[in-house]
**Q** 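First the structure, then my questions, so here it is.
In what follows, every chain begins at residue 1, and chains take the letters A, B, ... in the order their sequences are listed.
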2 protein chains.
Amino acid sequence: MPTDKNELSERKKLILKAIIDTHINMGEPVGSKYLTRYEQLAFSSATIRNEMAELEEMGYLEQPHTSAGRIPSQLGYRFYVDQLMQQYRMSAAELGELDKLMKLKAAEVDRILDRATKLMSVLTNYTGVALKRSQSQPTIARFDVMYLSPRSFILVMLTSAGAVKTRQLHLGFDVSRETAEKLAALLNEYVAGRDMDKITLPVILEMQTRLGESEQLINPIIKAVWDTVNEPEDSELLFDGVNNLLRYPEFSNIEAVRGVLGMFDEKDELVGVMNHDADSDRTNIYIGSESPVEVMNNSSLIFRTVRNGDRIVGAIGVIGPRRMDYSKVVALVDYMSRNISKLMDSNNLIEDKEE
Amino acid sequence: MPTDKNELSERKKLILKAIIDTHINMGEPVGSKYLTRYEQLAFSSATIRNEMAELEEMGYLEQPHTSAGRIPSQLGYRFYVDQLMQQYRMSAAELGELDKLMKLKAAEVDRILDRATKLMSVLTNYTGVALKRSQSQPTIARFDVMYLSPRSFILVMLTSAGAVKTRQLHLGFDVSRETAEKLAALLNEYVAGRDMDKITLPVILEMQTRLGESEQLINPIIKAVWDTVNEPEDSELLFDGVNNLLRYPEFSNIEAVRGVLGMFDEKDELVGVMNHDADSDRTNIYIGSESPVEVMNNSSLIFRTVRNGDRIVGAIGVIGPRRMDYSKVVALVDYMSRNISKLMDSNNLIEDKEE
DNA sequence: GATTAGCACTTGAGACCTTAGAGTGCTAAA
DNA sequence: TTTAGCACTCTAAGGTCTCAAGTGCTAATC
């Protein structure tokens, strides 16, 4: 618990940053003597020791035991992330890989996120994670009916979000091809582009009247449309590189492993967090127990929304140990989420490309 | 390495079965003295000891070290599974849960498999796993065109497998609504129900002729259909209850955990195995290193195909430690895969039910 | 001939101790 | 204010001992 805000002297900041940088690299507690090797810290180990003691008192550092060095506390990491860490410069190799991904022609969110997740885990050596968010509550922009037989047809719906949804319908009575076409026309006239709660009984009755003979058709159809629009929003969570995590010493005891792996069984919680924070258009960083997903108290989560125009189609991020390379991960997540969003935007505009 | 086939005396079988049953329950090496408590083994520990020594020589048992009891070898488990284990009788509670699942109206493979995977992990306390297999190489049974604007429309395709696929097309030239309709009619006449390799140049030329003015439309369309039919078969793998596994003592050291968890990073391999064996309509049991997925050498995999009519739509199964309760798991996997298949069959026949 | 009691032997797990090394906090000098 | 120096603390790693479990073998017994 820090006594005052921002009371850190420049020297303290320097030392704190050096400790965290070192710990992120080495994974072990950092001692005063080790720090003297940094050019910027041209003090004796004793001086550094005093500063460290104060930093610990302020809550930025912790000591696993008396005779060990210091490790950053959660607060320490938070301060580091907010004020200390430097901008990461991506390597040519990384940029290359990322750009390769961006050249994928497929505009499909699904496939891009799949690949992006894998790439994330490869580039960071942590676990890549992505959320595919299926649009909630879209309206139907356009209807079509695919006539199969007098008693069965497929209702094709283009949602306002640009996805195509279909429902297969089997009837207990015959319907002619003409009626089916008329039905599609009616749906486009009365239902397309409107919120479902605008489709009131009078509207339905009018459609029935205009459809004539097969008026009994309307009810099941409206029901099917309703179901489609109100389909529970089932976000899907993707992982890649889980085994990467297990290579870090902090996951060398079973309890810790059980912890992180808990996320597989708490997918819903994680989805909840990612969905909840998706609306804020910035990079979300959860360090240790900052995450509402209790099971992840030993790890950190960084992610950012992916958009298609205004619409949020998902999120992409990384799960790693608390001492993860925040600077690098933030840079990669930012770059990737931004560019995937851009990619999808530009795909929307393609007018002349299907060679 | 067993010297002779099936040379096991009844008494040896009894002992072997008792050892394996006990080991499956307890997870620890089984000693000769412990076995004397079984009614059926009314011999002295010395006698049993002799038999055990022979069973070990034959390759059915192993001894972790001189002063420990015996554990089943892979061969031992195999023999047990093939000849020794008894039919598992499901409990009322289990049947209840299973039947609840079967009452789901949704005919959607996806959702059923999701739920089934979770249920599997709950009922067995191992990890439930399922494969959703997207149909490979279907032909297109029916086409439809959803006209959006002169330069864009959606091609809707009903595959022979019953799935609806769509492609959004953006053109560099204008097309009239009538042309779009004519296109759909032509596709239904020339392409529907045919293998793509029957769509030769003459056929394409004839379609172009009949389409008249907008003949340039045909090529991109055929390309889109081709892409759809040849879409890489991307099977999806579902997991649930990963943390269940970590509760078993055999996964109390990191190496073992890394092993099982490798399956997350070798999804493709696992998918390969499940896809490969899916064609055989029986319950597949891989014990330890019998599995071609190298990373799973410390665990066992049991799964079985799920069908919709003749078509294989996926598989469902369980991953557990080598000493898993084979009898129970096999019974559950069988029951579940059979009933899901049946459920989907019956859903296919519904003619009059969409409330 | 098959079974069993008895016993010497082997081995891992756990408790306990010791040691080495790292890093600290504090004091006194610079 | 900084630093050298030193006593102190704690862990990790290695070593030793003991206990209990389980074995294999031999000789006696059914």
**Q** Send over the distance from B:R49 CZ to D:dG22 C1', rounded to a whole Å.
**A**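 Checked: the CZ to C1' distance equals 8 Å.
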**Q** Picking from C:dT11, C:dT4, D:dT3, which would you name as closest to the side chain of B:H65?
**A**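 From the listed options, C:dT11 comes nearest.
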**Q** Rounded to whole angstrom units, what separation is found between the CG atom of B:L55 and the C1' atom of D:dG22?
**A**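 In whole Å, D:dG22 C1' lies 17 Å from B:L55 CG.
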**Q** Round to the nearest Å and state the distance from A:E54 atom CD to C:dT24 atom P.
**A**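 The answer, rounded to whole Å, is 15 Å.
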**Q** Looking only at the side chain of A:T66 (C-beta and beyond, no hydrogens), which of the listed nucleotides D:dT11, D:dT23, D:dT9 gets closest?
**A**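 Nearest listed nucleotide: D:dT9.
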**Q** So that I can tick it off, tell me whether B:R322 and B:E250 are bridged by a salt bridge, with the cut-off set at under 4.0 angstrom between side-chain N and carboxylate O.
**A**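 No, no charged N to carboxylate O under 4.0 Å.
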**Q** Pick base, sugar-phosphate or nothing for A:S32, based on heavy-atom distances below 4.0 Å to the nucleic acid.
**A**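 Touches sugar-phosphate only.
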**Q** So, are B:R70 and B:E56 salt-bridged, with charged N and O less than 4.0 Å apart?
**A**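 So B:R70 pairs with B:E56 through a salt bridge.
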**Q** Send over the distance from B:N50 CG to D:dG22 P, rounded to a whole Å.
**A**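 In whole Å, D:dG22 P and B:N50 CG are 17 Å from each other.
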**Q** Tell me: CG of B:L61 to P of D:dT23, nearest whole Å?
**A**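 That distance rounds to 11 Å.
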**Q** Can you tell me if the side-chain N/O atoms of A:S67 get under 4.0 Å from OP1 or OP2 in D:dT9?
**A**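 No, because none of the side-chain N or O atoms of A:S67 sits under 4.0 Å from OP1 or OP2 of D:dT9.
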**Q** Would you say the ring centroid of B:Y60 lies under 6.0 angstrom from that of B:Y80?
**A**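 Aromatic pair excluded; centres sit 6.0 Å or further apart.
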**Q** If you define the side chain from C-beta out and look only at heavy atoms, does anything of B:V257 sit under 4.5 Å from B:N253?
**A**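 No - every pair of side-chain heavy atoms lies 4.5 Å or more apart.
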**Q** Are B:R11 and C:dA2 close enough that a side-chain N or O sits under 4.0 Å from OP1 or OP2?
**A**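 For B:R11, the contact criterion (side-chain N or O under 4.0 Å from OP1 or OP2 of C:dA2) is not met.
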**Q** Tell me which of B:A42 and A:P29 sits closer to the 5' end of DNA chain C, going by the nucleotide each one is nearest to.
**A**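 Counting from the 5' end, the first nearest nucleotide belongs to B:A42.
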**Q** Tell me, yes or no, whether the heavy-atom count around A:K12 atom NZ, taken from other residues, nucleotides or ligands under 6.0 Å, exceeds 12.
**A**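 Buried by this count: over 12 neighbours within 6.0 Å.
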**Q** Out of D:dC10, C:dT4, D:dT23, which has the shortest distance to the side chain of B:M52?
**A**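 Closest of the options to the side chain of B:M52: D:dT23.
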**Q** Can you tell me how far C1' of D:dA12 sits from CD of A:E28, to the nearest Å?
**A**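 Whole-Å distance recorded here is 12 Å.
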**Q** Figure out the OH/P separation between A:Y34 and C:dA22, and round it to whole Å.
**A**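 Answer to the nearest Å: 14 Å.
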**Q** In whole angstrom, what separates B:E51's CD from C:dT4's P?
**A**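 B:E51 atom CD is separated from C:dT4 atom P by 11 Å.
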**Q** Which one, D:dT2, C:dA5, D:dC10, comes nearest to the side chain of A:T47?
**A**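 Per side-chain heavy atoms of A:T47, the pick is D:dT2.
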